[in-house]
Novice: 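I have a structure I would like to understand better, so I am pasting it below and will then ask my questions one at a time.
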Amino acid sequence: MRHVFLETYGCQMNVADSELIAGVLERAGMALTDRPEDADAIVLNTCAIREHAEQRVLGRLGDFARLKRRRPGLVVGVAGCMAQHLRKRLLDDPSRALDLVVGPDGYRALPELLRRAAGEPVAQVRLDRDETYGDLEPKRGKGVRAWVTVQRGCDKFCTYCVVPYTRGRERSLPLEELVAQVRAATARGYREIVFLGQTVNSYHDGDHDFADLMRATNDVDDLLRIRFTSPHPSDMTTRVIEAMATCDKVCPQVHLPLQSASDAVLKSMNRTYTLEQYRAIVAALRSAIPSLALSTDIIVGFTGETEVDFERTVEYLQEVRYDSAFLFKYSARPDTKAFHWPETVSEDEKGRRLERLIELQLAISAARNDEWLGREVEVLVEGAARRGDRQLYGRSLQYKAVVFPDDGARAGELRRVRVVATTSNTLIAAAPRATAAVPELVRIGSSDSAG
Ligand code: SAM
Ligand code: SF4
């Protein structure tokens, strides 16, 4: 068992988990390969949040089953959130297309499990209340940004969500350990840290809360920027908002999932806040951090969502004017409470509601970006832009993508540039330190969806 092909699906936490898995495999003498054809083992790190995510993984497993028919020695494994569901399929499938299923708390033993799976089917799906992987060094990806998982699992039990069942109970890593991880990443050249957790701002280590974690990290030399995702509105305390406002490295950007602007829907989702409370949090954030960029997650067509409930969400989007939003159709998930409630919104109607929100949010995102026209932004350079000749790409403090003419800046350096054009998802800027003639201001037609 020498070469492993690892493919990642789903959220940023899965990307961070894949870095953890890569570290575990390499320390066991295994090497990652980019080509499934060269691999002795294939591991898919999976997502179960919506049915569509699972379908994609099942389709991919079909591809690998064909590869396995040509190379019977190949070990095919599934890791992560789909593990619980796939366990039965693994044990019941006589064709042995799948050899290994390992849940989010089983990665420590992965090298051993892969070796065993070469001989017999193996399932390791036990959730472990204490596993944080705090002592394991991840093999981080390239770039200027390092993902640091500060908390695993979730205790919120939103009625639509499978995460508490696939990832288990909430547990935080020790603050000292996290600051050490940030120092190590910074020493290796990363300039931005993104703290990750399902409800990242409910982080706690003894008496220390998320505000303490931000303050402690703010003191790390050579680190330029701190971000986090996703906070839960109910844990957005005054202390957290104050720390965000006063720590100079914490970026003025928050992704604050709303899900719905109807109190009736929020209640049946078990979101633990009302629209009025959410509104007050947004007001407090915007007053403490005036240049704040705000984004969100919305689910349309949840069981029981009426036309009136949906209109509330439309109205609130117009009121709050998010910079961007991830918009989803409700997908009933096994194990969740809402799975047992008969659905009341047809797929067609969900599609119609989603389209309406996408169109609205695209217009708002474009208008939001237009507000940056003529202003200077600080960009953390990430490298060459994908499109455009000799253009560099980076992110502003508000996490907006910025493209500007190449002035020789290297990844990890900061530049101040003036925005001269926008799309609904990118700011286009003039060359750094352009002082004299600023080109005419234009907005280029919107393209991609916000969510
Ligand atoms: N923990 C984060 C939170 O509470 O906001 C994010 C969890 S999830 C990975 C990201 C988003 O997926 C959620 O905010 C929600 O909008 C969406 N989501 C979760 N379960 C869903 C479901 N059953 N159907 C559709 N969207 C769902
Ligand atoms: Fe899922 Fe709710 Fe936990 Fe987010 S807070 S992971 S939506 S249960």
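Each ligand, and each atom within it, is numbered from 1 in the order the structure gives. This one's a predicted model, so the numbers in the text were calculated from it and none came from an experiment.
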Novice: Please list the nearest protein heavy atom to atom 22 (C) of ligand 1 with its residue and the distance rounded to 0.1 Å.
Specialist: S331 O, 3.6 Å

Novice: Distance under 4.0 Å to a non-hydrogen atom of R333: what atoms of ligand 1 satisfy this?
Specialist: 23 (N)

Novice: Name the option, out of H232, K329, Q198, that contains the heavy atom nearest to atom 6 (C) of ligand 1.
Specialist: Q198

Novice: Would you tell me which option among S202, S234, C158, G197 has the nearest heavy-atom contact to atom 8 (S) of ligand 2?
Specialist: C158

Novice: Would you compute the distance between atom CG of N45 and atom CG of L6 and round it to the nearest 0.5 angstrom?
Specialist: 6.5 Å

Novice: Tell me the contacting part of S230 for ligand 2: side chain, backbone, both, or neither, using a 4.0 Å heavy-atom threshold, strictly below.
Specialist: neither

Novice: Taking C-beta and beyond as the side chain, do L110 and I21 meet within less than 4.5 Å on heavy atoms?
Specialist: yes

Novice: Is any N, O or S atom of C161 under 2.8 Å away from atom 2 (Fe) of ligand 2?
Specialist: no

Novice: Could you tell me whether the side chain of D99 and the main chain of V76 form a donor-acceptor pair under 3.5 Å?
Specialist: yes

Novice: Distance from D17 atom CG to T149 atom OG1, nearest 0.5 Å?
Specialist: 6.0 Å

Novice: In ligand 2, which numbered atoms sit nearer than 4.0 Å to a non-hydrogen atom of F157?
Specialist: 8 (S)

Novice: Among all protein heavy atoms, pick out the one at the shortest distance from atom 10 (C) of ligand 1; state its residue, atom name and that distance to 0.1 Å.
Specialist: D297 OD2, 3.7 Å

Novice: Using a strict threshold of under 4.0 Å (side-chain N to carboxylate O), is an ion pair present between E7 and R60?
Specialist: yes

Novice: Taking 2.8 Å as the cut-off, does an N/O/S atom of C154 lie below it from atom 3 (Fe) of ligand 2?
Specialist: yes

Novice: Taking only non-hydrogen atoms of I49, do any sit less than 4.0 angstrom from ligand 1?
Specialist: yes

Novice: Name the option, out of R271, K156, M269, that contains the heavy atom nearest to atom 4 (O) of ligand 1.
Specialist: R271

Novice: Heavy-atom distances under 4.0 Å are what count here, so tell me which part of P257 touches ligand 1: side chain, backbone, both or neither.
Specialist: side chain

Novice: With a 4.0 Å cut-off on N to O distance, would you call R321 and E371 a salt bridge?
Specialist: yes

Novice: Give a yes or no on whether a salt bridge exists between D209 and R239, defined as a side-chain N under 4.0 angstrom from a carboxylate O.
Specialist: yes

Novice: Would you mind running through ligand 2 and noting each atom that sits below 4.0 Å from a heavy atom of P164?
Specialist: 8 (S)

Novice: Could you check whether D105 pairs with R171 (Lys NZ or Arg NE/NH1/NH2 to Asp/Glu carboxylate O, under 4.0 Å)?
Specialist: yes

Novice: By number and element, which atoms of ligand 1 are closer than 4.0 Å to a non-hydrogen atom of F328?
Specialist: 11 (C), 12 (O), 16 (O), 17 (C), 26 (N)

Novice: Distance to 0.1 Å, residue and atom name: give those for the protein heavy atom nearest to atom 7 (S) of ligand 2.
Specialist: Y160 OH, 3.4 Å

Novice: Looking only at distances, please establish whether an N/O atom of ligand 1 is found under 3.5 Å from an N/O atom of Y330.
Specialist: no

Novice: For residues I299 and K329, report the shortest heavy-atom separation together with the two atoms involved.
Specialist: CG2-C, 4.4 Å

Novice: Provide, to 0.1 Å, the distance between atom 20 (N) of ligand 1 and the closest protein heavy atom, together with that atom's residue and name.
Specialist: Y160 CD1, 3.3 Å

Novice: Show your reasoning for whether side chain to side chain donor-acceptor pair (under 3.5 Å) applies to Y393 and R395.
Specialist: CA-CA 7 Å; Y393 163 85; R395 294 268 175 182; 3.2 Å; yes

Novice: Looking at ligand 1, does V163 have a heavy atom less than 4.0 Å from it?
Specialist: no

Novice: Using 30° and 60° as the class boundaries, would you call the ring planes of Y278 and Y273 parallel, tilted or perpendicular?
Specialist: tilted

Novice: Between R225 and E378, does at least one N-O distance fall below 4.0 Å, as a salt bridge requires?
Specialist: yes

Novice: Quick check: closest heavy atoms across R271 and L258, and the distance to 0.1 Å?
Specialist: NE-O, 4.4 Å

Novice: Considering only heavy atoms, which of R50, R167, M13, Q259 lies nearest to atom 16 (O) of ligand 1?
Specialist: Q259

Novice: Applying a strict 4.0 Å limit to heavy atoms, is Q259 in contact with ligand 2?
Specialist: no

Novice: Geometry only, no angles: is T199 polar-contacting ligand 1 at N/O separations under 3.5 Å?
Specialist: no

Novice: May I ask which of R333, K156, Q198, M269 has a heavy atom nearer to atom 6 (S) of ligand 2 than the others do?
Specialist: Q198

Novice: Hey, which atoms in ligand 2 end up nearer than 4.0 Å to a heavy atom of R271?
Specialist: 2 (Fe), 5 (S), 7 (S)

Novice: Honestly, is R227 close enough over Y399, meaning NZ or CZ under 6.0 Å from the six-membered ring centre and within 45° of the axis?
Specialist: no

